Peer 1: 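Here you go, one structure.
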Amino acid sequence: MNRLLHPRHWSLGVKGGVIIAASLALLLGSAATSYTLERSTAAATADMLRTMQVQADIQRLHTQIAEAATGVRGYLLTGRDDFLTPYRVASQQLPATMARLQETVSDPEQRRRLENVRPLLQNKLDSLEVLRGQRNASSVELQQHLLASKQVLDQLRAEIGAMNLHETELVAQRTLALQQASNRNLWMTIAVIAAGLTGALATLTFTFGLVRRVRLAAENAERLNSDLPLKPTLATTDELGQLSDRLHQASVLLAGRASAAQAASQAKTEFLARTSHELRTPLNAILGYAQLLESGLSDQRDHEHAVQIRQAGQHLLSLIDEVLDIGRIEAGKLTLDCTPVALAPLLNEAITLLRPLAQQRSVRLHHDDIGALAVMADRQRLLQVLLNVVSNGIKYGAAGGQVGIVCAMEGGAVAIHIDDNGPGIPAAMEARLFTPFDRLGIERGKTEGAGLGLAVSKSLMQAMHGDIRHQPGPGTRFTLTLPAATAPTSGTASGPAPSQAQVAPAVAATHGMVCIDDDAATRTLIATLMLRRPHWRVATVADTADGIALAAQWQPDLLLVASGQASAELRASGSALVLLGAAPHADAPQRHLAKPLNVPAFFALLDLMEQTR
């Protein structure tokens, strides 16, 4: 029982309540005391001011009487009327001075003396008035009147002197009272500050202790998540003490599970990283030759078989890419290279790559005039997001409809609006839109997919300091937002390098191309494709150094280079550089071909080269 009475074991609510109640009590006590002292100081100040006013009026009364007497005597001696001016002024001011003294004097002794001064003052004024009228009296009469007037003046001066002396004593007393009131105020202020500091110190001590314990609990939770031993905590029975106990109780159970989950996640990431190359490399050849078969077979049944091979391979490739991206994002190993990216060529490239898919559903792809708009982004990853969103518009929009792209500035960002005229997305499914593996019920339809495209796109856009959002309305609109940038100036084309060359027959060759790729299947596929363009002189090499030497010798129109083999020498070669495969670290390449190779896009690139070279 005594243990629970110790403040350490009080609940946080009781501890906080005690501190708040004590602080309020100090505040109210300080306010009441300050009010009382303030009123006392104000009263002392008023008394002091009144005393000083009385003292000034006494001095003024004495001066006015003296001026009146001096004026009358001067008149009697000289007979000049201007000597009476001070007398007349004093006669008018003396009643006002007496009235002001009557109002301001509060000391009983001073009021008694003031009552004595009043008749003497009147007698003095009367005697002065009589003297003023006896200008022509005999010297004996004048002397008698002057003596009588002097007696009145002496009595008056004696009373005024006594008043002035007593008022000087009152000034000293009230000055001391004011000083004492100021001292009390000072000590009270010091006491209030000390009490406030004590309360603040108590509050800060409680708050810092609480924050320290909360941080320790949070740190222990983090250590628990990392399978580390928990730090010791203060033994208390309040809420935080109970939380610490529960954390310690859960540590034994959760530590093992966290360790097992971390090991499983790491194994998954390593497995995906190791198998990515092995999965994608054979698909490159499968899809390339499937496209060749599709375009070269005249028999309808054989052509359909080739189409099935290509479509199955492309679906498998999209699944591999999306699963690999999700794995990289979850593991925090996604590498981005954000640079200024011009939107116009990027949108043209996306539309070129997706045009075959759009033609299958008779969907028209278009975008407004972009002008010189540019964004800060990883070019390859932004292209991936565009392909994901636009292909969704083609696949899930209306057959025979259209997918449009509109770009606009919104403050310091660029918004890319992608619209289709399909049925749209129900409002009830908005919250599930960017959830991995959730296809919003479309999995029951015929359209293939894994439900990862929008989830990957969302993560990629956020990693590039942008976002993607869906806007409800007629059809479907997705908006991509990215920070605006200055459009990059066009530089020399960049590209990769060669190895042992396989040179296709050059029959009346008018164009030259060097393909540099360390994958033999890719080199063979490129050589096979170029058999359809006999007017191109083609060499395929595996080694970058061989490719650089061959490019320096030939000066080809086109360098087709695996993205990982691009080098500064190839970028500065003067030939048009096209990166084959993902190019996350490329310095804003002029063109890019995805891997596995899209055969129609490849031949479209060759057509463009023939028109511009």
Side-chain angles (χ1 to χ4, degrees), residues 335-346 348-349 352 372 374-383 485-504 506 509-519 522-523 526-527 529-530 533 535-595 597 601-613:
T335 303
L336 297 175
D337 182 21
C338 291
T339 57
V341 177
L343 286 179
L346 187 69
N348 289 333
E349 182 176 350
T352 300
V375 295
M376 288 296 295
D378 184 298
R379 189 181 192 280
Q380 180 62 23
R381 293 302 185 176
L382 180 55
L383 177 62
T486 304
T489 56
S490 59
T492 57
S494 57
S499 101
Q500 295 180 348
Q502 303 174 6
V503 181
T510 57
H511 298 279
M513 180 183 75
V514 174
C515 173
I516 307 169
D517 198 305
D518 55 7
D519 178 37
T522 300
R523 297 198 304 273
I526 294 296
L529 290 174
M530 293 307 295
R533 297 294 175 100
H535 54 286
W536 278 78
R537 184 186 183 191
V538 181
T540 61
V541 294
D543 184 70
T544 302
D546 292 342
I548 293 173
L550 195 58
Q553 178 185 351
W554 276 23
Q555 296 295 313
D557 299 280
L558 175 64
L559 288 172
L560 184 63
V561 186
S563 60
Q565 294 178 272
S567 66
E569 292 90 342
L570 291 173
R571 297 176 190 276
S573 65
S575 301
L577 177 66
V578 175
L579 296 185
L580 183 59
H585 301 293
D587 297 329
Q590 289 182 338
R591 297 183 183 87
H592 168 258
L593 287 175
K595 207 174 182 182
L597 192 64
F602 175 70
F603 283 125
L605 172 64
L606 296 181
D607 292 338
L608 180 62
M609 294 298 303
E610 291 174 6
Q611 295 171 9
T612 57
R613 292 275 173 171

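Given the structure is predicted, the values throughout are model-derived calculations rather than measurements. The figures that follow rest on heavy atoms only: side chains count, while hydrogens, waters and symmetry mates do not.
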Peer 1: Rounded to the nearest 0.5 Å, what's the gap from CG on Leu560 to CD1 on Ile526? Could you check?
Peer 2: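 Between Leu560 CG and Ile526 CD1, I get 5.0 Å after rounding to 0.5 Å.
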
Peer 1: Which residues pass the side-chain contact (heavy atoms from CB on, under 4.5 Å) test with Ala601, sequence neighbours left out?
Peer 2: Leu353, Leu593, Asn598

Peer 1: To the nearest 0.5 angstrom, please state how far the CG atom of Leu550 sits from the CD atom of Gln555.
Peer 2: 10.5 Å

Peer 1: I need the Asp378 CG to Thr339 OG1 distance, nearest 0.5 Å.
Peer 2: 7.0 Å

Peer 1: Kindly give the heavy-atom pair with the smallest separation between Ala539 and Trp554, and that separation in Å.
Peer 2: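 Reported closest heavy-atom pair: CB-CH2, 3.6 Å.
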
Peer 1: Main chain of Asp517, side chain of Arg523: is a donor-acceptor contact present, judged purely on distance under 3.5 Å?
Peer 2: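 At least one qualifying donor-acceptor pair exists.
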
Peer 1: Yes or no on side-chain contact (heavy atoms from CB on, under 4.5 Å) for Glu610 and Arg533, after CA distance, side-chain angles and deciding distance?
Peer 2: CA-CA 11 Å; Glu610 291 174 6; Arg533 297 294 175 100; 3.2 Å; yes

Peer 1: Testing the basics here: between Val341 and Ala377, what is the closest heavy-atom pair and its distance to 0.1 Å?
Peer 2: CG2-O, 3.5 Å

Peer 1: Return the minimal non-hydrogen interatomic distance between Phe602 and Leu529, and the atom names on each side.
Peer 2: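 Taking Phe602 first and Leu529 second, the nearest heavy atoms are CD2-CD1, 3.9 Å.
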
Peer 1: Taking all non-hydrogen atoms of both residues, which atom of Ala551 and which atom of Pro556 are closest, and how far apart?
Peer 2: O-CD, 3.5 Å

Peer 1: Does the side chain of Met609 come within less than 4.5 Å of His511's, by heavy atoms?
Peer 2: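 Result no, sub-4.5 Å side-chain heavy-atom pair not found.
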
Peer 1: Quick one: CG on Leu336 to CZ on Arg379, what's the gap to the nearest 0.5 Å?
Peer 2: 15.0 Å

Peer 1: Report the distance from atom CE of Met530 to atom OG1 of Thr540, rounding to the nearest 0.5 Å.
Peer 2: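 It is 11.0 Å, given to the nearest 0.5 Å.
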
Peer 1: Rounded to the nearest 0.5 Å, what separates atom CG in Leu558 from atom CG in Leu606?
Peer 2: 7.0 Å

Peer 1: Can you tell me if Ser575 uses its side chain to pair, donor with acceptor, with the backbone of Leu559 under 3.5 Å?
Peer 2: no

